[in-house]
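In listed order, ligands and their atoms are each counted from 1.
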Amino acid sequence: MAAAFDREEYHVDASIARALTLPPAAFVDPAFLDLELRTIFRSSWLLVPDRTAAEMRDDPRSLADLVSRRGARAPVSLLDAPLFLQRDWEGGLRAFPNVCTHAWHTLVQGPDRARTITCPQHGRQFDAHGRFVTQPGFEDCPGFPGERDHLQPFEVAEWSKLLFACLGKPAVSFDDALGPVRASLGRLPLDALQRQPLAGEVRELDGNWKQHAWNYMDKFHIPFIHRKPGGLADALELSSYQTEIHGEAALQWAYAKDPAHGFDPALLPDRFRDARGRRVFALWWLVFPNLALNFYPWGLSVNVYMPVPGKPRRTLFLWYHHAWDREKYAQRESVWMNTDVDLEDVDAMTQVGRGVASGFAPRGRFAPREEEGPHWLHRRIYERTLGG
Ligand code: FES
Ligand SMILES: [Fe+2]
């Protein structure tokens with residue numbers, strides 16, 4: 001049953017100077033998480049989680065590699081929902097519920113490649129477009145097969161080595177969501193990206209998924225939380241730090257203190273050129289609601305803040321590295337203490353999580369010049385849950 005929410009209690013004003021943050025209840029109330037899962041997470045493009053490093057030890061292929069051949073398919077799980085990805089025989093990528101239309105057995109048990117999908121329970125067969133093909137025993141059923149006997153497709157998209165699906169009707173097209181990201185990447189060698197499996201790519205962390213996305217959008221905390229010598233605040237020209245809002249996505253970027261740690265300006269669009277020769281340290285994109293794409297001179301670090309259904313105070317944190325420059329990738333910890341910075345954020349989120357749940361947390365305000373990113377995120381969450 002739909003819980004009733006008082007819209008006023010959750011309202012985030014379009015004006016940053018006037019706006020209050022979302023209330024603490026939005027971060028701890030299971031009913032609000034359910035609402036988000038039914039609204040935001042059914043109308044947004046979500047990254048389909050890649051295979052884990054442990055899975056890749058046995059078979060080094062990434063998920064994108066696994067479904068690259070025509071006819072190939074693989075089971076995946078998105079927000080606890082069982083899906084499978086299918087490369088059809090014409091080369092298109094498709095996604096379907098991994099649930100048989102007869103009596104709901106799991107259809108695809110593991111990576112596979114064959115003309116038809118055969119359900120292990122009673123042998124119903126489907127083609128690579130999810131259409132029912134045959135099943136003995138239904139010869140005398142009028143009107144069979146009907147529309148409900150075919151698998152109902154989800155919308156999917158692929159970009160570089162990343163695969164996306166939408167669990168409902170997308171609020172915006174994939175091109176509208178990801179277009180600004182692509183336009184910012186100039187001539188970076190995306191085709192050369194190679195997945196670098198690491199331990200700890202999947203962790204369940206304290207804190208609601210929004211806390212982590214908020215923290216990601218929060219440049220205000222960098223000189224405080226990441227002030228350790230050799231850390232993030234030291235690596236950046238903080239005065240150059242910018243937040244740009246681009247509809248479904250938001251970009252943060254800054255120049256590096258040491259030009260050796262920045263991008264080759266010839267690879268990025270002209271708008272990032274600096275008359276003083278400074279170089280861009282990173283392009284940090286948040287694609288609403290929960291995908292962070294972090295571009296560095298060595299390649300791409302992907303973070304996903306995945307809600308855990310039923311557990312509003314926990315987040316499944318996914319972290320994948322894809323490198324196009326293996327040498328620079330190997331030295332990334334010497335540029336700034338990537339792992340330390342991650343741990344500083346994890347600790348901060350644990351503390352904020354305690355504050356959120358304390359019963360003492362009032363709704364906050366946003367510092368207009370510092371917190372455009374957090375305000376954009378809160379406002380968008382309000383609009384996509386209760387504001388419509
Ligand atoms: S559940 Fe698939 S054929 Fe019966
Ligand atoms: Fe941080």
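Residue Ile225 belongs to no hydrophobic cluster, having no ILVMFWY side-chain heavy atom closer than 4.5 Å to its own.
Salt bridge annotation for Lys161-Asp50: absent, with no cationic side-chain nitrogen under 4.0 angstrom from a carboxylate oxygen. For Arg332 and Glu327, the salt-bridge test fails: no basic side-chain N is under 4.0 Å from an acidic carboxylate O. Salt-bridge check for Glu9 with Arg363: failed, with every basic side-chain N at 4.0 Å or more from each acidic carboxylate O.
When atom types are taken as modelled, the side chain of Arg87 and the backbone of Val67 share a donor-acceptor pair closer than 3.5 angstrom. Distance alone, capped at 3.5 Å, is enough to place a donor-acceptor pair between the Arg227 side chain and the Phe224 backbone.
Side-chain contact of Gln211 with Asn215: a donor-acceptor pair under 3.5 Å is absent, judged by distance alone.
The distance from atom NE2 of His378 to atom OH of Tyr10, rounded to the nearest 0.5 Å, is 13.5 Å. Atom CD of Gln252 is separated from atom CG of Asn294 by 9.5 Å, given to the nearest 0.5 angstrom.
Heavy-atom contacts of Gln135 reach the following atoms of ligand 1: 3 (S) (cutoff under 4.0 Å).
Sorted by chain and number, the protein atoms of type N, O or S within less than 2.8 Å of atom 2 (Fe) of ligand 1 are Cys100 SG, Cys119 SG. Distances under 2.8 Å from the Fe ion (ligand 2) pick out the protein N/O/S atoms His221 NE2, His226 NE2, Asp345 OD1, Asp345 OD2.
Evaluation of the salt bridge (Lys or Arg N to Asp or Glu O under 4.0 Å) rule for Asp234 yields no partner, not counting sequence neighbours.
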